[in-house]
Amino acid sequence: MADSPLRDGDAVLTTHGFIFYVFGYEHPADRYHGFLKYVPRDRSEAFDVEWLDLGWRMDGRDIVRPLELYSPGSYAKMVEGIRRNFPEYLYRSEQLDRWMITVPRDHINRVFRPSERLKEILEKGASDSLEEEALSLLKMLAEISGVSLGLFGVHGSISLGTSRDESDIDLSVYGASNFRLVKRGLLEAEEAGLLSLKRGDRAEKKRLNSGVYGGRDFVVNATRLDSEIDDGPRSYRPICPMEAECLCVSDDEAMFRPAVYGVQGCTSPDEAVDVSEVSEVVSMIGSYRDLVSRGERIRVGGFLEEVAQGDDRWMRVVVGSGRAGEYLDWLDS
């Protein structure tokens, strides 16, 4: 079991050999919200999904991962497989009126924290070419951005020890201001010819947090510092599915997961839905992080919720509730 609270992006190996990634920063008392990324091959028949089998191994066992990790259809099938075979991993959220995949804390065998894994590699040295390239990229970004190596981490297969020759470099930066510095550093590094950033679609052109370094793909994402985590208890009241268009007035927390966009002046094509008091758009889907900037108009299809924290009340639209058809986009100027 973890000795200290886990945060978004930390990974855990459970007593069943499952590998979960912790999602977000708000969790029930005895478990963590997470998504199931890897399953031992000998347990995969418990789930009616198509598997991606690329030869990963963990503790001597072959592991596979769902071909579709985040689609509503795949999630529903994973929930059903867990309900039938491993019900201890399900948690009924009465507030949100749905079942959620979670990790009971007493089922955690091992924890993989990106910051600790990087510290271990720095102390012991790289064990293969992937780790060597990751360290080279990290040291270059730290120098250009001025962000200490102690505020970085390594995610993905490097953290888990499941890397293959084709594995990507998956990095984390702790803290919003540090992440912004690193993003500026990525542009400077590209201008200097040290790497190339991906601009294959609208989202990649906007985020500019992924690219190619020394022939290997990489991505850089943000994780909250302890000081950026609001652990005050909240309650949620789901209202209805809806669509809206709003003005983004704050992108200060847009780089995290969940991504939080401050909004105002929302309108909806459904006149029966009152969105005038909506002040947040929140995405549970990682691909919608850092996508809309302050001053741009945001288009969203999600679920309207009322949030209560102490004496405060506000309305938000949530994208990624597990229902089909939800989206987040921005209007080009």
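Start at 1 with the first residue, then count along the sequence. From a predicted model like this one, the values you see are computed outputs, not experimental measurements. These numbers come from the heavy atoms of this one structure, side chains and all, not from hydrogens, waters or symmetry mates.
Checked by atom type and distance alone, the side chain of E123 never pairs as donor or acceptor with a backbone atom of E120 at under 3.5 Å. At least one donor-acceptor pair under 3.5 Å links the side chain of R313 to the backbone N or O of G310. S145 contributes a side-chain N or O that, together with a main-chain N or O of L141, makes up a donor-acceptor pair within less than 3.5 Å. Side-chain atoms of D10 never come within 3.5 Å of backbone atoms of L6 as a donor-acceptor pair (strictly under, hydrogens ignored). Side-chain atoms of E143 do not come within 3.5 Å of backbone N or O of M140 as any donor-acceptor pair. The main-chain N or O of G156 is never found under 3.5 Å from a side-chain atom of S159 such that the two would form a donor-acceptor pair. Looking at S268, its side chain never comes within 3.5 Å of a backbone N or O of V275 through a donor-acceptor pair. Proximity of a side-chain donor or acceptor of D230 to a complementary backbone N or O of G232 within less than 3.5 Å is detected.
Within 6.0 Å of the CD atom in E166, the count of heavy atoms belonging to other residues, nucleotides or ligands exceeds 12.
Cation-pi geometry between R31 and Y91 is not met: the NZ or CZ atom fails to fall both under 6.0 Å from the ring centre and inside 45° of the normal. Both the sub-6.0 Å distance and the 45° axial angle are not jointly satisfied by R117 relative to the ring of F112. By the 6.0 Å and 45° rule, R65 does not stack over the aromatic ring of W51.
Evaluated for a side chain to side chain contact (heavy atoms under 4.5 Å, CB included) with H155, the options N221, T223, L171, V219 yield exactly one hit, T223. The only member of F18, W56, F20 that meets ring-ring contact (aromatic ring centres under 6.0 Å, His included) when paired with Y38 is W56.
Taking 4.5 Å as the limit, every side-chain heavy atom of V281 sits out of range of all side-chain heavy atoms of V318. Contact annotation: the side chain of L13 approaches that of D59 to within less than 4.5 Å [non-hydrogen atoms, C-beta and beyond]. Considering only heavy atoms from C-beta on, F47 stays 4.5 Å or farther from E80 through its side chain. Between S250 and Y261 the shortest side-chain heavy-atom distance does not fall below 4.5 Å.
H33 and H27 have tilted rings, their planes meeting at an angle from 30° to 60° on a 0 to 90° scale.
Contact check on R316 versus E305 returns a salt bridge, with a Lys/Arg side-chain nitrogen under 4.0 Å from an Asp/Glu carboxylate oxygen. Salt bridge status for R216 with E133: present, with a side-chain N to carboxylate O gap under 4.0 Å. Salt-bridge formation is not detected for the pair K206/D290: no Lys NZ or Arg NE/NH1/NH2 atom is positioned less than 4.0 Å from an Asp or Glu carboxylate oxygen. Using a 4.0 Å cut-off between a side-chain N of Lys or Arg and a carboxylate O of Asp or Glu, D8 and R224 do not qualify as a salt bridge. Classification of E245 and R297 as a salt-bridged pair holds, one side-chain N sitting under 4.0 Å from a carboxylate O. D251 and R294 are joined by a salt bridge, as a carboxylate oxygen and a charged side-chain nitrogen come within less than 4.0 angstrom of each other. No salt bridge links K77 with E50; every basic N to acidic carboxylate O contact stays at or beyond 4.0 Å.
Put simply, CE on M78 and CD1 on I101 are 6.0 Å apart, with the number rounded to the nearest 0.5 Å. One finds the CD atom of E277 at 11.0 Å from the SG atom of C266 (value rounded to the nearest 0.5 Å).
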Give the intermediate values and the outcome of ring pair (Phe, Tyr, Trp, His ring centres under 6.0 Å) for residues F35 and Y21.
CA-CA 6 Å; F35 59 89; Y21 276 81; 5.7 Å; yes
